[in-house]
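Structure, as structure tokens:
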2 protein chains.
Amino acid sequence: MALNFHQLHIFYTVVDKGSFSAAAQALHMTQPAVTMQVQSLEDYFGTKLLHRSTKRIELTEAGRALLPYARQSIELIRETDAAMSRFTRQLKGRLQLGASLTIGEYILPRLLGPFGKEYPHIAISMKVMNTAQIMEEILNHQLNFGLVEAPVQHPDMHMEPVMNDELKLIAPASHPLAQRSEVTLTEAIRYPFVLREQGSGTRLVMEEQLKARQIDPRSLNIVMELGSTGAVKSAVEAGVGISFVSASSVKHEVALGLIKIVPLADAEFKREFYSIYLKSALLPISAVTFLTFLRERDLRQWL
Amino acid sequence: MALNFHQLHIFYTVVDKGSFSAAAQALHMTQPAVTMQVQSLEDYFGTKLLHRSTKRIELTEAGRALLPYARQSIELIRETDAAMSRFTRQLKGRLQLGASLTIGEYILPRLLGPFGKEYPHIAISMKVMNTAQIMEEILNHQLNFGLVEAPVQHPDMHMEPVMNDELKLIAPASHPLAQRSEVTLTEAIRYPFVLREQGSGTRLVMEEQLKARQIDPRSLNIVMELGSTGAVKSAVEAGVGISFVSASSVKHEVALGLIKIVPLADAEFKREFYSIYLKSALLPISAVTFLTFLRERDLRQWL
DNA sequence: CCTGGTTACGCCGCACGTAAGAATC
DNA sequence: GATTCTTACGTGCGGCGTAACCAGG
């Protein structure tokens, strides 16, 4: 009867994918259903939108005219969902997500707690798999989206960096290293350290880097292990030891001169992950909500 | 399941009208159905959109956030329909329109022919009524829209001038009147006239004006009656007589100096009509098509 | 014949109307 | 108690999947 977004979305996907059957696959519905919705649009407008021939489809003049409106309507829905995702506290839903090993083990568990507090009615089920498997299951619509540690490329996949920062070596202003313009890793590890606890993402990144440089993490002189970044900063400030934290988390203290960032000559402690999901499908609002959560919170506070 | 335009439209109408029941009336559906769709939206977003109290409704923060998106989506649909209306040749549908007496008798019959040629599958049924009755039936959703001769005001009604021009007295360059800076009506009607045939809108407007000034139309010295404006212009150009036509239709001949427009001191031959339709309801695409037809063609060629 | 779009048919769910209920002033 | 929104229930239409059919290379 009346124009609806669903049909415009299907029409757009058909044009985008270049065939009815490819669109059906992308939208995970059957190909006859796609035919039906496009026909229904054509009836609505009283004009053909696509020329079909067995080997390819072609837009009619009317189809060309409609295409930008279809695109706009999809865009509008996405924007609406995104804008509304900050109000979805009572949202019910089930979210299927895939995570690569490290993220699934060290990162996600710490994010799911706070997320669950805010959105108690969204059930999340997480599957830990390798990146290739995650992509496969997203393409099959078995997962809503995935979180992976390395950028991936796929024509049907949207990728967005969720966190992308670097741990910096910090020392109290009074520390011998604080005046140095550059320090090597081997030199730094001779000093006493204050670190986040075992099992934290921050600690993990650090230990991986040390291992990559043939340094046994257990050889570190760890004088204190603390459960939050804030506690670590306070301990460093008080002169207990040096540490590794996100640069952004000590901006304030650095500005006040309480803590110095000591440039490392020979090592980078990078920590990054990316969300990936299908371009063609509209994400369920619960997924949009989770993405907004990832985007807008300072995730580092929990890692 | 997924966000759809229909629900946004209903939500917007509820806010616009200030109550569920008023919205139901405007959308001509039952009030429980409105409740259901708004609730469905609230479920979708996992948040209340409206605070209900028996005497008035109030937007929540989330509702306020959603409102502009709802408005945009309605706008987008309207634009899409309007843009597509030039491709709707095969459109099937039935169009119910109301026309005031003069329009129904003299104007519309001449428009419906050409329209029917272009859109053979749109069935039009026209009801001739007075303006008040037309407005009433539009509000009741018994008519899709109306065409009336005078501007009307109603908070729920959209009004758009469809034609709004003035007939001018024209004379060949060689005519005695052609040099005059101003002429009175009584003076003008002494000269021989070339006119459109009886029953044409142009002729009607002229005769009405004459009657309003106590001049019997039959007292005119009509030397020729022709079936099209083009023929009238040619005859005037050839010196057969003087006439009344739309200023815009003789622009070309005036610029070339073949025909002169002679200002009338004491009369105006205005011809105007307006389309009116509900603001709240989305017009069926067949109605949009008809409106586009009215807007884009030079209607004067048939009147 | 094989790939890809259309037609046919049956089922399920959603949207709606009717009617009754609840809440607020 | 009147007005307005909500809940309950039954119905009908629309969207989709399955399966059979058709058209072009």
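Throughout, a chain's letter reflects where its sequence line sits, starting with A, and its residues are numbered from 1. All values below come from the heavy atoms of this structure, side chains included, with hydrogens, waters and symmetry mates left out.
Ring pair B:Phe290/B:Tyr119: centre-to-centre distance not below 6.0 Å.
A 6.0 Å sphere centred on NZ of A:Lys92 holds no more than 12 heavy atoms belonging to other residues, nucleotides or ligands. The number of heavy-atom neighbours closer than 6.0 Å to CD of A:Glu118, taken from other residues, nucleotides and ligands shown, is above 12.
Under the side chain to side chain contact (heavy atoms under 4.5 Å, CB included) criterion, B:Pro120 pairs with no residue at all, not counting sequence neighbours. Taking the side chain to side chain contact (heavy atoms under 4.5 Å, CB included) definition, one finds that B:Tyr69 meets it with A:Leu76, A:Glu79, A:Thr80, A:Ala83, B:Leu66, B:Gln72, sequence neighbours left out. Every side-chain hydrogen bond (donor to acceptor under 3.5 Å, both in side chains) that A:Thr292 has, sequence neighbours left out, goes to A:Ser85.
Both B:Gly18 and A:Ile10 lie close to DNA chain D; mapped to their nearest nucleotides by heavy-atom distance, the more 5′-ward contact belongs to B:Gly18. When the nearest nucleotides of DNA chain D are assigned to B:Ile57 and A:Thr30 by heavy-atom distance, the more 5′-ward of the two goes with B:Ile57.
Across all non-hydrogen atoms, the minimal contact from B:Glu149 to B:Ile103 is OE2-N, 3.6 Å. Looking at every heavy atom in both residues, B:Val152 comes nearest to B:Met159 through N-SD, 3.3 Å.
First and last contacts of DNA chain C with chain A, using any nucleotide atom under 4.0 Å from a protein heavy atom and ordered 5' to 3', fall at C:dT3 to C:dT7.
Here D:dT4 presents its C1' atom at 14 Å from CG of B:Leu50, a figure rounded to the nearest Å. Between the CD atom of B:Gln25 and the C1' atom of D:dT3 there is a distance of 14 Å, rounded to whole Å. If you measure from atom CE of B:Met36 to atom P of D:dA8, you get 14 Å, rounded to the nearest angstrom. For the pair B:His6 NE2 and D:dG15 P, the computed distance is 13 Å after rounding to whole Å.
Contact check of residues 37-49 of chain B against DNA chain D (heavy atom, cut-off under 4.0 Å) returns B:Gln39.
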Identify each atom pair where a protein N or O and an N or O of nucleotides 19-25 of chain D are less than 3.5 Å apart, giving names and distance.
{"unit_1": "D:dG24", "atom_1": "O4'", "unit_2": "A:Thr54", "atom_2": "OG1", "d": "2.9"}

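Counting heavy atoms from C-beta on, the side chains of B:Leu294 and B:Leu111 come closer than 4.5 Å.
Checked by atom type, the side-chain pair A:Ser125/A:Gln96 shows a donor-acceptor distance below 3.5 Å. Neither side chain, A:Asn4 nor A:Tyr44, offers a donor N or O lying under 3.5 Å from an acceptor on the other.
When heavy atoms are screened at a 4.0 angstrom cut-off, B:Met29 is found touching the sugar-phosphate backbone but no base atom.
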